[in-house]
Amino acid sequence: MAGSHSREKVIVIGAGIIGVCAANALVDEGFSVEIIDPVEPGSPGQCSYGNAGGLSPGSCIPNSMPGIAAQVPGMLLDPDGPIGLRLLDLPHALPWLLRFLANSRLSRVKRISDAMIALNRLTLLCYEPLVKEAGCEDLIVHRGQLFAYENPNGPAGSTLSIAMRRERGVKVDILDDAQMRELEPAISPAYRAGVFLPEQGQCPNPGRLVAAIARLAADKGAVFTRQNVRALVLEQGRVTGVATEAGVVAADKAVIAAGAFSAPFARQVGVRVPLISERGYHIMLPNADTGLKINVNAAERKFVAAPMEGGLRLSGTVEFARPETAPNWRRAEILIRQAAHMFPDADLSGVERWMGNRPGTPDSIPVIETAPRHDNVILAFGHGHQGLMGGSVTGRLVAELAVGRTTSIDLSHFRSSRF
């Protein structure tokens with residue numbers, strides 16, 4: 001019952017979309033909440049800020065699909081390809097990549113897809129009361145999601161992913177050239193066919209969404225502290241607080257929601273997760289007045305074009321590198337060329353570049369659970385490319401775990417023991 005935990009303090013490590021959604025849900029349950037992160041919620045220093053904005057309850061296609069093993073070498077060798085890997089980072093990334101490829105078996109893919117749809121199908125349902133309460137309902141737009149193909153027979157080559165969506169109740173429309181042009185005339189005639197998911201949504205400013213939900217939590221009494229968390233504090237097998245640059249902050253419970261930086265905290269409570277930084281790049285084109293209305297995924301070129309409040313955003317390139325490595329801005333230059341191809345008449349001046357560390361697991365799904373050996377620690381990280389999508393649902397699940405209530409979805413798929 002809300003209010004019954006008013007004497008219990010919860011520290012949330014991480015003020016990205018997962019952390020701020022969890023903070024709201026925990027405050028609503030009556031907990032005293034402190035969120036600790038060195039970065040301002042919703043600012044460019046966060047992974048959540050750079051998201052493409054997709055809020056897709058029908059998202060259920062893993063990154064590792066059957067046949068990916070044959071495609072990865074070509075992607076890595078292609079200088080304009082969707083994946084980048086520096087040779088110096090190969091020893092760091094190789095164990096993760098091998099696990100990633102192992103998850104491409106069809107039987108495994110279908111189980112992962114079931115987990116993805118279980119989490120994502122609630123995204124809009126859980127966001128709607130949050131954005132209403134935060135006064136930012138304009139940040140949830142229902143316009144669908146389009147996968148655009150340059151090959152007119154492209155959708156025929158995506159029969160597995162289309163079937164997987166339909167088997168899980170996702171509405172899918174196959175569009176020919178004329179139908180796609182009628183739906184989204186802004187994109188180049190080079191794109192000849194489409195797969196349209198009409199029930200999907202989008203957010204036109206992910207950074208503003210994170211900031212608004214953070215302010216809502218603060219208005220309810222949550223405290224935000226701008227510090228680096230150095231370690232969990234353990235006493236007699238339980239977490240009693242966290243150590244920051246300014247000293248120890250005591251707590252009755254802790255939530256690890258630090259995205260790509262979560263693994264060291266998880267290891268302190270005996271949980272080892274193969275978490276890697278899938279470094280994502282995006283470009284913003286403030287002067288590209290294309291008239292684009294819908295988030296468009298370029299199916300062959302593997303990037304997303306998204307209409308945003310600040311202009312046109314292109315994202316999707318992945319780089320496997322250690323988080324502390326300097327940005328490789330050539331990855332962003334690839335996206336400028338992709339923009340010119342999809343929108344040949346667009347004004348590409350004034351380009352703004354961004355890079356962030358996405359927390360990737362080899363099976364495309366996060367870890368959400370109470371730590372197996374520390375019942376006052378909750379793990380909520382590893383959402384990869386879908387952190388914005390999973391934020392509202394994960395926040396609710398964290399609160400349910402904190403109060404000991406039966407969770408809204410079965411969390412057996414999301415346990416760390418799967419690794």
Side-chain angles (χ1 to χ4, degrees), residues 13-17 37-52 63 72-73 75-97 100 206-207 210 226-230 245 257-265 267 273-286 301-304 306 308 310-340 348-362 381-385 387-388:
I13 304 173
I17 190 63
D37 193 311
V39 179
E40 181 73 20
S43 68
Q46 290 190 325
C47 178
S48 307
Y49 172 92
N51 196 282
N63 294 325
V72 166
M75 291 180 181
L76 288 171
L77 291 171
D78 181 358
D80 284 352
I83 301 177
L85 173 62
R86 308 182 199 199
L87 286 177
L88 288 175
D89 288 305
L90 182 59
H92 164 68
L94 186 59
W96 188 96
L97 286 168
F100 174 80
V210 176
R226 296 277 299 278
Q227 293 282 346
N228 281 300
V229 176
R230 291 175 171 169
E245 299 163 303
F261 305 95
S262 297
F265 303 119
R267 284 197 295 271
V273 174
L275 191 69
I276 200 169
S277 170
E278 297 182 54
R279 302 202 328 168
Y281 292 78
H282 85 217
I283 60 169
M284 283 290 293
L285 300 169
R301 295 172 183 260
K302 308 297 184 188
F303 71 90
V304 180
M308 293 280 173
L312 178 68
R313 176 175 293 180
L314 273 81
S315 60
T317 178
V318 171
E319 179 185 42
F320 295 104
R322 298 178 187 274
E324 64 274 12
T325 306
N328 175 12
W329 293 119
R330 199 186 67 78
R331 302 298 303 171
E333 298 300 320
I334 294 170
L335 293 168
I336 297 174
R337 292 193 289 275
Q338 304 290 23
L348 306 185
S349 65
V351 62
E352 301 163 7
R353 299 164 177 83
W354 174 91
M355 187 279 290
N357 293 289
R358 293 180 294 211
T361 63
F381 60 84
H383 293 72
H385 302 237
L388 196 75

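No hydrogens, no waters, no symmetry mates; every other heavy atom, side chains included, goes into these values.
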Should [X] and [Y] count as side-chain neighbours, where that means a heavy-atom distance under 4.5 Å?
{"X": "Lys302", "Y": "Val318", "answer": "no"}
{"X": "Tyr49", "Y": "His282", "answer": "yes"}
{"X": "Leu335", "Y": "Phe303", "answer": "yes"}
{"X": "Ile276", "Y": "His92", "answer": "yes"}
{"X": "Asn357", "Y": "Phe261", "answer": "yes"}
{"X": "Thr325", "Y": "Arg279", "answer": "yes"}
{"X": "Thr361", "Y": "Leu275", "answer": "yes"}
{"X": "Leu85", "Y": "Leu97", "answer": "yes"}

Q. How many angstroms lie between atom CZ of Phe381 and atom CZ of Phe265, to the nearest 0.5 angstrom?
A. 10.5 Å
Q. When rounded to the nearest 0.5 angstrom, what distance separates CG in Leu285 from CE in Met308?
A. 12.0 Å
Q | Result of checking Pro323, Ser277, Cys47 against Pro359 for side chain to side chain contact (heavy atoms under 4.5 Å, CB included) | A | Cys47
Q: Please list, chain by chain and in numerical order, all residues satisfying ring pair (Phe, Tyr, Trp, His ring centres under 6.0 Å) with Tyr281, sequence neighbours excluded.
A: Trp329
(Q) The test is side-chain contact (heavy atoms from CB on, under 4.5 Å); show your working for Phe100 and Asn63 and say whether it passes. (A) CA-CA 9 Å; Phe100 174 80; Asn63 294 325; 3.7 Å; yes
Q. Quick check: does any side chain N or O of Arg313 sit under 3.5 Å from a backbone N or O of Asn51, one acting as donor and the other as acceptor?
A. yes
